[in-house]
Number of protein chains: 2
Amino acid sequence: MQQHEMAKQFIAKLGWFSPLSREGHEVLRGLTSARPRRLLPGEDIIGEGERPRAVNILVSGWACRCKQLTNGRRQIISLILPGDTCEHVVFVPDEMDHSIIALSPSSTIEMPQNVLDILAREHPHLALALKWEAFVGTAVQREWTVNLGQRTAVERMAHLFCELFVRLQMVGLAEGQGFAMPLTQGDLADALGLSTVHVNRTLQELRGRGLLNLRNRHLTILDFDVLSATANFNRAYLHLSSRAQVNGKAEAS
Amino acid sequence: MQQHEMAKQFIAKLGWFSPLSREGHEVLRGLTSARPRRLLPGEDIIGEGERPRAVNILVSGWACRCKQLTNGRRQIISLILPGDTCEHVVFVPDEMDHSIIALSPSSTIEMPQNVLDILAREHPHLALALKWEAFVGTAVQREWTVNLGQRTAVERMAHLFCELFVRLQMVGLAEGQGFAMPLTQGDLADALGLSTVHVNRTLQELRGRGLLNLRNRHLTILDFDVLSATANFNRAYLHLSSRAQVNGKAEAS
DNA sequence: CGGGATCTTGATAAGTTTCAATGGCAGTGG
DNA sequence: CCACTGCCATTGAAACTTATCAAGATCCCG
């Protein structure tokens, strides 16, 4: 990956808030041309209790926000995809109350606090796009709450896959009707609040209904319409409708 | 309630981020002395699809963030207590993707966008406190995700009550070992992702263990230590300790 | 080729929901 | 004052979804 291609997904994502000027592109490229940090699956990007000194941007691989319970169980609170920021941009806490862990081989780059300050002062438009990104993160978190609270295993999994598909489309990482999905069934279980065994069976159910296919870490969505109807999926919570409809790219369904 | 007492809980809550100066107090009082809007249980503070034009602050009563599913079920995404802001302060979306509903007779006041701008420019310390408030909101949302995903009915309910107790203590609305709790068992069910029937039985279980008592819309916690151990409750996610740490840095009053 | 993680399957158990019925309590209007 | 209504809490029984346990199959990597 070229140096200036490093934060491709990050730049693409911010562009969904509103089209970036050429200057905006260049500012972001400059800010994100740092040398990336490489992580192996299971490695902490930042651990619970640490104090973040910069905002990490995931540039490749998948990661998760994750909370470990004392009884050994863990919940994946949210999935972090290429182009997503790992910490919240608007308010940096004293101490992380959860950890952020790489789920596949990944790389991150850092955006130091002072860079954010400069951005806020000199490029209010980009700063607003960053706030939008953080806001969408909270909206996704709310939808996960609904998912875990109200939906059955089949609906939950269908909903997750719909969300991932749309989010990956945003940053150009969907391939036709599917995407590369590095999660194990155990990871899915931790994200969906199910047991591994039940994830396996739910997956079979969805396969059996002819809605999708998961092989070799690649998910193919065979019928997005039925899948999203099953899940009661409504992309409004991702707050990208203004452009999503115009752009054509995301109109595949 | 006196006019200047209106936003008592709101001011108390911001004070947990770091002690407010006398001037800070006065600025907030001035900004929040507006005439309150009164709501009955079930009334929308702001509905799904609406565009918020100001930030609402709940000054009395309880409300909830809530998402209705097409199959008739609903999930209470978060509970809003006196002193909490209803919308996100840092980024105001085009359209609400959920609604905010009063659960008991309530009142709100509005903080218009331009007031927030003034605050950000002229009172950075207060603006930071507001960002902290929003950040704690996201942390609570994450914890609810864990609650719904990983905990049993008993643990979930215990956890919710622990959280509510601490949050109400923050704003001076806990009374000894308990608090006034206007939620019906149906509301609790929607918040905990359980059926009403099971909420009833879970409540009996907790009562039977001698951990709490719920009568006449008043919850008494008989053994907070055991209750929070049952729930695996750890208040770190409420980020209240900021006060102690910021204390040296911003010696204001 | 071996070994560890991952996926799959079956049987059983547990937790939770659903349905249906009952009782209490408060407000309302005749 | 009393019936009537509506909402809320409670109970029992049966059904269903999901978890747990245990074993085997498969895959991948060194």
Side-chain angles (χ1 to χ4, degrees), chain A residues 40-43 62 69 71-76 101-105 147-160 180-209 212-219 230, chain B residues 40-43 62 69 71-75 101-105 147-160 180-209 212-219 230-231:
Chain A
L40 291 175
E43 256 188 284
W62 287 29
L69 277 78
N71 55 6
R73 317 185 64 168
R74 73 165 185 172
Q75 174 70 34
I76 291 182
I101 303 179
L103 292 171
S104 68
N147 215 22
L148 290 168
Q150 298 297 333
R151 290 196 254 258
T152 65
V154 166
E155 294 166 346
R156 249 184 256 187
M157 185 175 285
H159 194 280
L160 178 63
M181 209 216 36
L183 304 184
T184 66
Q185 294 186 4
D187 295 332
L188 283 172
D190 290 342
L192 295 169
L194 299 170
S195 66
T196 328
V197 172
H198 204 59
V199 162
N200 185 287
R201 290 179 173 138
T202 306
L203 227 27
Q204 291 179 46
E205 169 73 23
L206 288 172
R207 244 191 308 245
R209 294 193 197 176
L212 52 80
N213 222 313
L214 179 53
R215 263 203 327 266
N216 299 330
R217 304 277 126 105
H218 186 97
L219 182 85
T230 304
Chain B
L40 292 174
E43 257 187 282
W62 287 30
L69 277 77
N71 56 6
R73 317 186 65 168
R74 73 165 184 172
Q75 174 71 35
I101 303 179
L103 291 172
S104 68
N147 214 23
L148 291 168
Q150 297 298 333
R151 290 195 253 258
T152 65
V154 166
E155 292 166 347
R156 254 186 255 191
M157 185 175 286
H159 195 279
L160 177 63
M181 212 222 24
L183 305 184
T184 66
Q185 294 186 4
D187 294 332
L188 283 172
D190 290 342
L192 295 170
L194 300 170
S195 66
T196 328
V197 172
H198 204 58
V199 162
N200 184 288
R201 290 179 173 135
T202 307
L203 227 26
Q204 290 178 46
E205 170 72 23
L206 288 173
R207 245 191 309 246
R209 294 193 198 175
L212 54 79
N213 221 313
L214 178 54
R215 264 202 325 268
N216 300 329
R217 305 277 125 105
H218 187 98
L219 182 86
T230 305

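Reminder, nothing fancy here: chain letters follow the sequence lines and each chain counts from 1.
- Nucleic acid contact class of A:G42 (heavy atoms, under 4.0 Å, all strands): none.
- By the 4.5 Å heavy-atom criterion applied to side chains, A:T202 and A:V199 are not counted as neighbours.
- Distance, A:L192 CG to D:dT17 P: 18 Å, rounded to whole Å.
- Computed from coordinates, the A:Q185 CD to C:dT6 P distance equals 11 Å when rounded to whole Å.
- In this structure, the side chains of B:T184 and B:R217 come closer than 4.5 Å at one or more pairs of heavy atoms.
- We find that CG of B:D190 is positioned 15 Å from P of D:dC7, with the value rounded to whole Å.
- Rounded to whole Å, the distance from CD on A:E155 to P on C:dT17 is 14 Å.
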Practice item. Could you please spell out the steps behind the salt bridge (charged side-chain N to carboxylate O under 4.0 Å, His left out) verdict for B:E205 and B:R201? Key: CA-CA 6 Å; B:E205 170 72 23; B:R201 290 179 173 135; over 6 Å; no
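- Rounded to a whole Å, the CD atom of B:Q150 is 13 Å from the P atom of C:dT16.
- Straight-line distance from the CZ atom of B:R215 to the C1' atom of C:dG24: 15 Å, rounded to whole Å.
- Within the 4.5 Å cutoff, the side chain of B:L148 has no heavy atoms near those of the A:Q75 side chain.
- Within 4.0 Å of B:R217, counting heavy atoms only, lie sugar-phosphate atoms of the nucleic acid but no base atom.
- One atom, CZ of B:R151, and another, P of D:dA19, lie 16 Å apart when rounded to the nearest Å.
- Between A:H198 and A:L192, the closest side-chain pair of non-hydrogen atoms is not below 4.5 Å.
- Between B:T230 and B:H159 there is no side-chain heavy-atom pair separated by less than 4.5 Å.
- Nearest-nucleotide positions on DNA chain D place A:R73 closer to the 5' end than the other of A:N216 and A:R73.
- A heavy atom closer than 4.0 Å to some atom of DNA chain D occurs in A:L194, A:S195, A:V197, A:H198, A:R201, these being the qualifying members of residues 194-206 of chain A.
- Atom CG in A:L188 sits about 12 Å away from atom C1' in C:dC7, given to the nearest Å.
- Tested against A:L219 for a side chain to side chain contact (heavy atoms under 4.5 Å, CB included), the candidates A:L212, A:L203, A:L183, A:N213 yield a single pass: A:L212.
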